[in-house]
Amino acid sequence: MKKQQPILTGYCQSYLHVIASCVVLILVLSAVGCSLLKREKQPVRTQPIPLTPVIWFSPSVTTAEVPYHDGCGEMRSLPLTNALVTSIPKKLMGVFTGVAAQSHADEPIASDGVVEVGVGVRRIELAVPTQTPGTYPATAMVGIEIVFLARDGTLLFNKKFEGTGHGTVTVGQQPCQVEGVAAIVQDAIDSATNGITQQIGQSVQIREYAARRDTWVPVATRPGPSLEPSTANLVASLPTVGETTEKPPQVDSSTTARPAQLSFRAIIRDGNGDQFLQPDESLTIQVEVKNEGMGEAKDVMVMVEGKTDLAALFPSEVHLGMLQSGEIKRTSMTQRVTATQEALQGELTLNLRTTSPVTSVPPPKVFRFGVKPRGINSALVPNVDNLPNSLAAFHQPKAIIISIGIGTFRDEQMPAVKYARHDAEVMAEYLRIIGGVPGERIRILLDRQALERDLEDTFERWLRKRADQETVVYIFFAGRGFVDGGTGAISLVPYDGTLSEAKQQLYPLARLQEALNRLPIRRAILMFDVSMDPSPGAGLADIPSPAWESPVREARKDVEMWMVGNRSLQEADPYDEGKHGLFTYHLLRGLQGLADVDRDGTVIAGELCTYARGQAALVAREQFGNKQDALCLPATGRGGMVRIHPMARGHNPKPDPIQKPPHLPADSSVAGPKPMLIGP
């Protein structure tokens, strides 16, 4: 054995040399391979697009914040505006040959087009033990949406991209202060902007649009189209639009006054917000004009033109008169379609005109509409006015029902809300039968019965006298709401509500929330089918999104369920075939039992809202060609116990189980069935 030891030792040493050489060779090859892979993954550089668009940041950017909990468990928020406003132009400078900065909210559209930027999802996933210094992992997510509009308003690009940032945060000797959040959020913003700007640079439509730049017609000198009078009688009391030619503002040579600087905003809404004109549908034009120049503007008017005879549905011009320096004027007009015809797509253009000298010509506003006849057989749509069965196991003799429907208003200029009254009547009867609620605990307010003082009395006095710890409150509201121009706060419009800035009779949603917070109730189920408008006097382009979530606090997620049929600043769709508002119709269908998704025999609150939201969105998209986005609070995954509150008996039975064929022994003398007789 002693003689063999040197031989084994030498063998092992040579073997180790071979292994070491192989390892070195593998590492060298790996490094070369990785460098090649990295070289292959480098993005392909493209030539900048030869355009200089203007960047417009939506209110969602200028008010963007992301919430998180600090080291003491308190809620904090990190503003995102500066990071977004700084990062996005830098990224776009690598996509276009130049980017025009926006100096203020009324900056006119640049001749090359507009890049509109909005922010969507924003959250931080961070778990910091209370008052415990240390280093902790964190993840931030920020969603960005970018839209590119051509100089005539044509949509050429619309993409959303969600970026993610990972890192660690530090809690120091001051336990409430969390450091490092901003850097992680910045990484998420950079990730989103990198992805979305790369897609812009590869957009075929934008590059084709830039390639046609030499053929563009100057905006201020485009000739207006000639119109045929074939649809002049479609709208009551509207003037017929003849052939018009767009002309630049005319300057009075005898005046030496300083020039005016005009800008304007406009909203055109049809009754149900689907951008199709239907018989008996209201049509509203809202215009806001501002003079920011040093001189006055005389004979200011808005000219209406169109590519097709769609323009005959509108007044040919809206006169605003004189605007002094710094003055703002607003006007609104509501008309109603009185006849129908075959489907017609068209485009409408609004231009601002004045006889005074101006520093520049404001760009036109372009809107696209269609006219369509009623095309769905209402006989095929189930009738939800047939009341459902009671939910005997969940009778609620101490429940309270408040159902409000306001479809017409004392102010005749206020647009009507179709089916609002009928929605409230049927919903109250559904809830009464399902829960066995006594009549003295039900209050229904319809149109003239729903003044501002009636809402105040109902929510703040009548309800308080009847509520206790066993009470479940059901509140339904169908009608109209106003959105505050500064905060996005929502107010319900009562029957005596008005479009006048001086005489506003409104009931703030926050006031309703406060009234509920003061009650010792068990649950509150709130359902809203509401059309949303800007508050009277608010700037049309600066209105933030309706703040539905602001009155809904985390601490109330086990008590309150909010079902909102329309979370955006738009008209809530009426569903003519179902004779109800679109969201209300599907709430009623869900209460008939169809919302029982898990087929356990009971429709719970979370199932009802999810069902109505999905069905309303589907019908709005497929039949109306628009988007109606509903909202359920608390959302799925937030752990709100109120989501399992029973609402109705389920009527979505489980399928019968498949019966297995009997087993036959191998030597059975009984003949098996012939193959041709075996069914599916």
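In this chain, residues are counted from 1 in sequence order.
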Taking only residues two or more places apart in sequence, or in another chain, which ones meet T487 in a side chain to side chain contact (heavy atoms under 4.5 Å, CB included)?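 Result, side chain to side chain contact (heavy atoms under 4.5 Å, CB included) vs T487: D484, A489.
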Who are the side chain to side chain contact (heavy atoms under 4.5 Å, CB included) partners of A617, not counting sequence neighbours?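 By the side chain to side chain contact (heavy atoms under 4.5 Å, CB included) rule, A617 matches no residue at all.
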Restricting to ring-ring contact (aromatic ring centres under 6.0 Å, His included), what partner residues turn up for F409, sequence neighbours left out? none
Y507: which residues meet the ring-ring contact (aromatic ring centres under 6.0 Å, His included) condition with it, sequence neighbours left out? F459
Can you name the salt bridge (Lys or Arg N to Asp or Glu O under 4.0 Å) partners of [X], sequence neighbours left out?
X: D411; value: none
X: D447; value: R421
X: R511; value: E452, E456, E460
X: E327; value: none

Spatial distance of atom CZ (F482) from atom OG (S531) [nearest 0.5 Å]: 11.0 Å
Which residues pass the side chain to side chain donor-acceptor pair (under 3.5 Å) test with [X], not counting sequence neighbours?
X: S203; result: none
X: S325; result: none
X: R453; result: none
X: Q199; result: none

With the side chain counted from C-beta on, respond yes when V493 and L506 share a heavy-atom pair under 4.5 Å apart, and no when they do not. yes
N-O pairing of E571 and K418 below 4.0 Å: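 K418 and E571: not salt-bridged.
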Under 30°, 30 to 60°, or over 60°: which ring-plane class applies to Y209 and F148, parallel, tilted or perpendicular? perpendicular
Look at the rings of H422 and H580 and say which category their plane angle falls in: under 30° parallel, 30 to 60° tilted, over 60° perpendicular.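 Taking H580 first and then H422, their aromatic rings lie parallel (interplane angle under 30°).
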